[in-house]
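Written below as structure tokens is the structure these notes are about.
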Protein chains: 2
Amino acid sequence: MQDVSLAIKNKGLRATPQRIAIYEALLPRKDHPSVEMLYNEIRSRFPSISLNTVYATLESLWHAELIQRLDVGDGRIRYDGNPRMHAHVVCTSCLRVDDLPQPSENTMLNLMRTAADVSQYRIDAGKLLFYGQCKACSADENATP
Amino acid sequence: MQDVSLAIKNKGLRATPQRIAIYEALLPRKDHPSVEMLYNEIRSRFPSISLNTVYATLESLWHAELIQRLDVGDGRIRYDGNPRMHAHVVCTSCLRVDDLPQPSENTMLNLMRTAADVSQYRIDAGKLLFYGQCKACSADENATP
DNA sequence: TATTACATAGTAACCATTATTGTTTAGTAG
DNA sequence: CTACTAAACAATAATGGTTACTATGTAATA
């Protein structure tokens with residue numbers, strides 16, 4: 001509760017009711033919701049909120065490095081309440097996105113360093129995505145061929 | 001020349017003049033052009049070609065696994081004449097995209113296998129992207145602060 | 001209280017991509 | 001060579017997530 005408000009203020013942002021609500025809605029979720037998914041959830045408690053505010057707020061939280069922006073290539077951007085670098089898997093059937101515990105953050109940081117060495121770029125961020133089919137979709141496909 | 005035509009036919013596609021021209025235009029490039037960039041190049045030799053044909057052709061070549069589709073998140077899709085899995089670096093200033101020789105294809109395939117194990121997904125593809133600033137843009141920034 | 005800067009809501013515009021449609025071309029069989 | 005069938009092409013319109021714009025509201029500062 002107050003943690004959320006404090007975390008926002010600590011980044012130099014105003015802890016408005018809308019921002020607190022959006023951040024609090026995102027944090028417990030593990031399904032990497034899109035803007036519209038969050039918008040629909042927030043609207044039940046915040047009927048007057050605009051879609052635009054959700055866009056702007058998520059961008060602010062992202063710039064403040066409180067959350068992660070995740071473009072998996074399905075046309076809509078997903079958000080992740082965990083700002084630490086980690087890999088993701090995308091189900092190309094149902095488009096769900098899951099976190100991956102492997103490779104570790106250290107391994108990814110090592111990949112980044114290697115990339116910086118060989119490319120001569122200054123590298124700020126990395127993204128590791130896998131695409132395939134989740135267990136549920138594989139089962140469905142076998143059930144109805 | 002004939003290689004290109006043959007490669008297309010070997011995938012069961014018709015080797016039309018448009019397809020050959022588009023594929024031949026993409027192959028030597030290392031800058032991962034977008035649809036429009038290729039469209040502009042092709043039009044000089046093929047004034048009547050439509051943008052839509054470039055879209056359709058690139059999708060055909062991609063489905064045939066002759067080329068690679070690359071969504072780096074800048075709004076337009078980039079194409080890579082090399083279909084083998086490899087990492088990329090994106091310059092967030094000038095949006096150029098470069099290939100990375102590291103990590104090796106084997107390393108990436110190992111990452112895929114690990115991801116499949118821990119996620120219980122059937123994994124078909126992987127994507128490793130790094131974001132930062134290329135040498136030229138870093139130099140420009142230091143020159144004009 | 002006046003000032004200034006940031007937030008929000010609502011609407012309209014943007015733009016890469018995809019869908020649709022009618023036409024043309026290539027490949028194949030008779 | 002001609003007819004048939006399927007694929008490819010070109011032109012236009014439509015889609016849809018995102019951004020821009022504008023006006024209004026709210027919080028921090030002097």
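The chains referred to below are lettered A, B, ... by the order of the sequence lines, with proteins before strands, and numbering in each begins at 1.
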Taking CD in Glu105(A) as the centre, count heavy atoms belonging to other residues, nucleotides or ligands within less than 6.0 Å. Is the count above 12?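 Yes, the 6.0 Å shell around CD holds more than 12 heavy atoms from other groups.
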Quiz prompt | Lys11(B) atom NZ: more than 12 heavy-atom contacts under 6.0 Å | solution = yes
Hey, what bend do you get for the helix from dT1(C)-dA30(D) to dG30(C)-dC1(D) if you fit axes on five pairs at each end, rounded to 10°?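 The angle separating the two end axes equals 30°.
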Atom-to-atom span, [atom1] of [X] to [atom2] of [N] - whole angstrom:
{"X": "Leu38(B)", "N": "dA16(C)", "atom1": "CG", "atom2": "P", "answer": "15 Å"}
{"X": "Glu59(A)", "N": "dG17(D)", "atom1": "CD", "atom2": "P", "answer": "18 Å"}
{"X": "Ile8(A)", "N": "dA28(D)", "atom1": "CD1", "atom2": "C1'", "answer": "17 Å"}
{"X": "Arg43(A)", "N": "dT8(C)", "atom1": "CZ", "atom2": "C1'", "answer": "16 Å"}
{"X": "Arg76(B)", "N": "dC14(C)", "atom1": "CZ", "atom2": "C1'", "answer": "13 Å"}
{"X": "His63(B)", "N": "dT18(C)", "atom1": "NE2", "atom2": "C1'", "answer": "13 Å"}
{"X": "Tyr55(A)", "N": "dC21(D)", "atom1": "OH", "atom2": "P", "answer": "17 Å"}
{"X": "Met37(A)", "N": "dG17(D)", "atom1": "CE", "atom2": "P", "answer": "13 Å"}

With nearest nucleotide decided by heavy atoms, which residue, Ala15(B) or Ser34(B), maps closer to the 5′ end of DNA chain C?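 Between the two, 5'-proximity favours Ser34(B).
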What does the list of N/O pairs under 3.5 Å between the protein and nucleotides 7-14 of chain D look like, with a distance for each?
| unit_1 | atom_1 | unit_2 | atom_2 | d |
| --- | --- | --- | --- | --- |
| dA7(D) | O4' | Arg14(B) | NH2 | 3.0 |
| dA8(D) | OP1 | Arg19(B) | NH1 | 2.5 |
| dA8(D) | OP1 | Arg19(B) | NH2 | 2.7 |
| dA8(D) | O5' | Arg19(B) | NH2 | 3.3 |
| dC9(D) | OP1 | Thr16(B) | OG1 | 2.6 |
| dC9(D) | OP1 | Gln18(B) | OE1 | 3.3 |
| dC9(D) | O3' | Gln18(B) | NE2 | 3.3 |
| dA10(D) | OP1 | Ser48(B) | O | 3.3 |
| dA10(D) | OP2 | Ser50(B) | N | 3.2 |
| dA10(D) | OP2 | Thr53(B) | OG1 | 2.6 |
| dA11(D) | N6 | Asn52(B) | ND2 | 2.8 |

_Check against side-chain contact (heavy atoms from CB on, under 4.5 Å), Arg19(B) and Ile22(B)_ = CA-CA 5 Å; Arg19(B) 279 184 180 166; Ile22(B) 291 169; 5.9 Å; no
(message) Among residues at least two apart in sequence or on other chains, which ones pass side-chain hydrogen bond (donor to acceptor under 3.5 Å, both in side chains) with Asp124(A)?
(response)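 With sequence neighbours excluded, Asp124(A) shows a side-chain hydrogen bond (donor to acceptor under 3.5 Å, both in side chains) to Arg122(A), given in chain and number order.
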Heavy-atom pair with the smallest gap, counting every atom of Ala87(A) and Met108(A):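 Distance-wise, the nearest heavy atoms are N-SD, 3.9 Å.
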For Leu58(A) and Ile67(A) the tightest heavy-atom approach is O-CD1, 3.5 Å
Item checked: Nearest-0.5 Å distance that lies between atom NZ in Lys30(A) and atom CG in Asp98(A) ->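 Going from NZ on Lys30(A) over to CG on Asp98(A), the span is 10.0 Å.
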Does the side chain of His88(B) pick up a donor-acceptor pair with the side chain of Asp99(B) at under 3.5 Å?
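There is such a pair between these side chains.
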So Leu95(B) and Arg78(B), side-chain contact (heavy atoms from CB on, under 4.5 Å) or not? Walk me through it.
CA-CA 11 Å; Leu95(B) 295 180; Arg78(B) 314 300 206 84; 3.9 Å; yes
